[in-house]
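Note sheet for the following structure.
Residue numbers begin at 1 in each chain, while the letters A, B, ... track the order of the sequences. Quick caveat, the model's predicted, so the values are computed rather than measured.
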Amino acid sequence: MDWLFFGEISLAGLAMGGLYGLIGLGFVIIYKATRVINFAIGEIMMFAAYLFLAFAGGMEMSPWVALPLAVLGGSVLGGVIEKVMIRPMLGESSISVVMVTIGLASILVGLVELGWGADPQLLPEFLPRKPVFLGELYLAPKIAYGFLIGATLLLVYLLYFRFSRGGVALRATASDQAAAYSMGINVRRVFNLAWVFGSLAASLAGVLVAATGGLSPQFGAVGLSVLVVVIVGGLDSILGALIAGLFIGWLETVAGAYLGGQYRMPATFAVLAVILVLRPYGLFGTHEIERV
Amino acid sequence: MFKRFLTRGLRLAGIGSVAAALMTAAPVLAQDKEPIVFGGSIPLSGVFAFAGVHIHAGLTDYTNWINSQGGINGHPVRYVMEDTGYEVDRSVAAFKKITGSNRVPVYYGDSTGFMKTIASELNSRGTTLMSGASFATALTDNQTYPYQFIPGPNYTQMFGIILEYIAMQGQEGDKPTVAFVYSDTEFGKDPIENGKAKAAEMGIKVVEEIVTKPGSVDVSAEVLKLRRARPDYVVFHGYILSPINEFMVQMRQMGLDTQFMGTFWSSDKLIIDRMGADADGYMGVMPYNYYDSAEGGPMLEALRSQAQKSDPDAGYRPTAYMQGWFNAMVWTEVVKRTLDAGKELTGDNLAASLASIQDWDTGGIIGVPVTVRDMSFPVGRIWRVNAKEASYEPVSDWIHLN
Amino acid sequence: MRIGDAKQSYEADEAIWTSSTQKFWFAVFLLVLAVFPFVADAYLLYIGCLVGIAVISTTGLNILTGFTGLISLGQAGFMGVGGYTVAWFSLHTALPFPLTLLLAGLLTAAVGILVGLPSLRVKGLYLAIATLAASVFLHFIFAEWQAVTGGMGGLSLPPAHLFGLTFQSDFEMYFIIVPLAVVMVLAAKNVFRTRTGRAFIAIRDRDISAEILGINLLRYKLMSFALSSFYAGVAGGLFAYFYRVVTPESFPLSLSIFYLAAVIVGGMGNLLGGILGAAFMTLIPEMLNLLTATLTPFYPNAPVFMSPMLGIIFGALIVGFLIFEPNGLGEIWQRVRRFFRLWPFRN
Amino acid sequence: MILECDLTTTQAVGSDVGAASGKTEHNKNILEIHNLSLSFGGVTALRDVSFRVPEQGITTVIGPNGAGKTSMFNCISGFYQPQQGSIHYQGKPLTGVKPPARAALGLARTFQNIALFRGMTVLDNIKLGAHVHMKSGLLASLAYFGPARREEMAVRREVERHIIDFLEIDHIRRQPVASLPYGLQKRVELARALAMRPKVLMLDEPVAGMNREEKEDMARFILDIREEWDVTILMVEHDMAMVMDISDHIAVLNFGQVIAEGLPADVQNNAEVIEAYLGTRDMDSLRHKLNPESEVA
């Protein structure tokens, strides 16, 4: 066995997994606060990446201006989605709400095709091209720097949720909606904030992923991998999303490298199936007690 | 971006206005003869739309041109199409609708899936000859698909042309090595088995074989595999753009001097437009001359002037446009031969006319006279990207497989 | 309340059509279905067959998702199992189509039971994701099990046959698809007149209480999966006979979402709604094409700008129905009927 | 006819508690709970609970909110698995018997927060109760005509004659349950439990949230059911007036433990019970006790 090769593959996988963790975080924030499973997260990522393309490519802004703008655009989109589509569904069955997000995904794809056409696109380069070596291990620069940017946002998020007022409100709402409400927390605002923050994480990840792999209206399919991540980690566990993100990213890449690209999805979905049978609420998720 | 969006809209408006004009223009040209209908399931939307709009433009412009030349033996040509979204069931619906209300001797199919699906219906009708966007190897099987042909080499033949080119580049006794990178789709897997057999036959070693999803995927791990296999040539198949760019950029970052090549749909100018300087040196196999190539010929000139006339702002026309035009050219030739022989326009007669094509001069669309073999045109040429000129330049002679 | 609909017997009271007016209109409907292929052109006939297949599949998904409350993203995969089963038996045996379709249904039901097994432990969205995993695995099998499925290239199969007759054209296939659709919808209707159907609905409404009231959850959830996949398998089998080609790309995830959308737009837990939803969703692209054709003379690049609209309309329908009309077309239909029953005395 | 008979019973019970309960005290116990303990995580819901349910009687479990009464029911239904102890039904342990099987054995119940199936009509809800006594499988259901229809019609006849008429709900049988007022919903739930042909009918707060008239109706139905259906009734109820009126046997739960068990009169005078109810620990039940009419769901 070529351990150097294995090391490099693993590193590439983990770097990608870091981005999965970031998207997973966006997913979990929304789920924790609002109990909505957002099947459109891949399309929100895509939308932000197209915004970046518009700002940095079409309008020829500096990528470092375009990136925050695109991410901001993605978060605004999240907030609008919550207001327009999710809020009217309060109290409906979770199946219905999920279907709303599936419908939303289709709408976003249509809008993107309308605005940018169906052609495949490449984002303007904004990450350094110099190869990155960790000891002897080679790592593609895009994913290395992508990982760093993603990890930074992740850190900021974790600190924010730990210490800020908004973070506390979010956590309180997540743990007990009724109690949070009675404590004077504006639960509706928190719902909206959760969508904004969740979409923000997804948007940044979207731009970074599109920067490495390219962009097209089919980009949203990456959401499937994220779904695996959050189910394996546990829908309501931030830690779970991060660990599962790294693991799934690694597994996908290793399976792809050693077995072939057609094994990437089956490999991760096999893990998903095992988790569903053994620990349906995920590795780190909370098991809810049912009552009659 | 808004500017580009706008120009794109205008360009498309141009295509459309021609299509509309055609409805009214055709009867004027009619010389009291029954029009000949070119039918088409065209993917104006969906994953293949980037090509579909240009295929549509190519077919439209050709129709206008041939009508300006007096049609086919005095029969005016009418092009009737419907958007399919690149979905098989909608393509079939379009076929039924168009063939239901017209007599359609020739038809454009938008995907291999559609071509295979419609085959049984086509065979039992025996009225229509079909070609289209697909270069699938399977369609050259005349037993199963007697009424379908390929407007160029099939994918296996494209691999053959590429491998012949590669073999020619080897120093004496020292054959280059090659790696195949293809997408996990029907399209992607089409020529791989045959390609490996052909390589083995020619003594070219396939040192690595990589399957990926098409489109936006992270390929860092696959690049690492190629880094170890160190092929002299990497042949891409089953992609439009991504992840070809990422393979090329990352492998060059590693300091590898691998030569990258691709088949028809991976050899559009889109690659240069999107990748810029990174595309330099990329090679593709192409059966038609590029719109902006230095080559000439009466038909190529006609194409250029017609394209210019229909949309003066469009400038360069992509390979999909050439492909659409060439399809219509072959249809015209086949219909003409059948009419000249005094035969009815049936599937069998049209197929026989197609099979009779030998050393046909395409007027510069293809640089050499072509001969139909097994319902395909097994000819092509290797082109290389000159990023500075933003164009493909020929690096080989025309290779005509036997 | 209608006059004179008091019933003499419980049998009459529990019939599907409780008034002679209803019976009359159903007879008219059947007559229209029977006459349709003789008057329709090739295009309409093709669309008619497509709607028939969609009705069967939507009814199956409605049983599982609409009536039993188990959301499934695996419908396309299940249809694929049915399609490949029919293709394989047609290529390797001389079985006539009723048998191959039955085998397709049964094999798919077996796969459905297997996929449904986690349903006791996992619920709601987790189950949806389990079915998603199933569809990923099924797609992988279709693409990779070369010897049986023909790999990515798929399988081409001979036409359906029975007693020496072959069913090849759309006209001939219509007489397999549509009667089968009618029978299968009626059979589903029957299920919901009996204890089995009540158990499904009870599980959807309150699964824990249902269990305490004597309903074996696993048994009935699996039964619902089996029944639903049987319908999907038959629909997939018809799909195979209809197109005579099956490839892994014939059954993409988007098809599963299409059927879910048909169930939602039609009305979850409403069989009639499901039929309306299936027809409506199948016809949308065609209606859009029609609109595009109408617009093109005035607005020449209509095709290019109208095409992405399909995705937007598709999504907007899902979202719009869920928010504004959660009971779907079925409910709208009821309203229209009520209106006409009372008209002109009330408006 | 029914009306007459139950009014007299109520009065009799009301005036002389001892006489009403006396006749059932010798009967053997249909349900015996032995040393039952149940906890969720660190929270103990039931601690070493034992009591018995005499056959053919009306046994009521009372106790303040959160005393573990509903948990008790859930253990008997088989929905919760107690960590310790056993439940004997007709002399046999129920350990390991799944909820649906318990229903088939004759353990029927209603729920504290009405658990009707909102997507079904009243009639279908009631018929669902007969589920365990029906046999049609999937194939018979698909075909309908034949065994399935025969069975459905038999159940329909039974439900119409013995339950819908009896509980006076014929006028609503076609209505979806969601549209019914609270009191009627409770009655439909009772009807559904009766369709299960119970041997033990477990009623979880059957009159909670009802007005006086509805409560009286419900009490009358309960007594009639006991008389006409040969059923043992096990009930959880807060309404002390009604409990004392119709119960033959009472068990008092507090903080997951049985603190008293016996005839209504005995329990009423038990010091610990008075402490539990009148002590300041549970304002809620005190309010119920002092002013039972004001209770709202």
Side-chain angles (χ1 to χ4, degrees), chain A residues 2 4-5 8-13 15-16 19 46 49-50 53-60 110 113 115-122 125 129-131 138-144 146 209-210 212-219 221-222 249 252-254 256-258 260-265, chain B residues 1-5 8-9 12 43-53 85-86 181-185 188-189 209-225 227-228 239-246 249-255 268 270-271 273-276 278:
Chain A
D2 181 349
L4 185 67
F5 179 60
E8 288 187 341
I9 296 282
S10 300
L11 205 58
M16 194 63 202
L19 291 183
M46 171 188 75
Y50 270 103
L53 182 72
F55 295 141
M59 298 187 185
E60 294 176 359
E113 280 187 10
W116 286 273
D119 299 16
Q121 306 276 357
L122 294 182
E125 299 251 357
R129 279 196 161 196
K130 209 164 146 295
Y138 169 87
L139 187 57
K142 272 186 189 171
I143 54 173
V209 173
T212 57
L215 187 57
S216 76
Q218 283 73 47
F219 182 82
V222 71
E252 216 178 68
T253 309
V254 168
Y258 284 93
Q262 68 272 45
Y263 286 88
R264 289 172 76 112
M265 289 261 283
Chain B
M1 115 87 202
F2 289 118
K3 210 174 86 192
R4 211 167 71 213
F5 179 68
R8 177 170 168 269
L12 293 169
L44 289 180
S45 58
V47 289
F48 205 53
F50 77 95
V53 293
Y86 202 56
V181 178
Y182 54 96
S183 69
D184 182 20
T185 58
K189 289 188 170 177
E209 209 187 306
I210 285 173
V211 193
T212 76
K213 277 192 290 183
S216 334
V217 281
D218 169 46
V219 293
S220 314
E222 285 72 18
V223 170
L224 292 168
K225 274 174 97 172
R227 182 190 180 204
R228 277 167 178 69
Y239 305 109
I240 291 141
L241 172 62
S242 302
I244 294 175
N245 57 303
E246 208 48 36
V249 170
Q250 287 199 24
M251 285 180 73
R252 285 180 183 160
Q253 281 168 3
M254 289 171 167
D268 192 11
L270 185 78
I271 292 210
D273 291 345
R274 296 281 189 267
M275 288 178 65
D278 288 335

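Across A:I143, A:V222, A:L139, the residue that shares the most heavy-atom pairs under 4.5 angstrom with chain B is A:I143. Each of A:L11, A:T253, A:I9 has some count of heavy-atom pairs under 4.5 Å with chain B, and the biggest count is that of A:I9. Chain A forms more heavy-atom pairs under 4.5 Å with one residue of B:I210, B:L270, B:N245, B:I240 than with any other, namely B:N245. Ranking A:P141, A:G13, A:A221, A:S10 against chain B, the residue ahead of the rest is A:P141, based on heavy-atom pairs under 4.5 Å.
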side-chain contact (heavy atoms from CB on, under 4.5 Å) evaluation trace for B:R228 with A:L4 = CA-CA 11 Å; B:R228 277 167 178 69; A:L4 185 67; 3.7 Å; yes

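Both the backbone and the side chain of A:P120 have a heavy atom closer than 4.5 Å to some heavy atom of chain B. With a 4.5 Å cut-off on non-hydrogen atoms, B:V249 touches chain A through its side chain but not through its backbone. The part of B:E246 that comes within reach of chain A is its side chain, from C-beta onward, which places non-hydrogen atoms under 4.5 angstrom from that chain. Contact annotation for A:E125: only side-chain heavy atoms (C-beta onward) come within less than 4.5 Å of a heavy atom of chain B. For B:D278, the part sitting under 4.5 Å from any heavy atom of chain A is the side chain, from C-beta outward, and nothing else.
Listed here is the closest heavy atom pair of A:Y138 and B:L224: CD2-CD2, 3.7 Å. The shortest non-hydrogen separation linking A:L122 to B:M275 is CD1-CG, 3.6 Å. Closest non-hydrogen pair, A:G213 versus B:S242, comes out as O-OG, 3.2 Å.
For the pair A:R129 (side chain) and B:Q253 (backbone), a donor-acceptor distance under 3.5 Å is absent.
Using a 4.0 Å cut-off between a side-chain N of Lys or Arg and a carboxylate O of Asp or Glu, B:K225 and A:E8 do not qualify as a salt bridge. One finds a salt bridge joining A:R264 and B:E222 here, because a Lys/Arg side-chain nitrogen approaches an Asp/Glu carboxylate oxygen to under 4.0 Å. Using a cutoff of 4.0 Å between basic side-chain nitrogens and carboxylate oxygens, A:K142 and B:D218 are not scored as salt-bridged.
Taking CG from B:L241 and CD from A:Q121, the interatomic distance works out to 8.5 Å, rounded to the nearest 0.5 Å.
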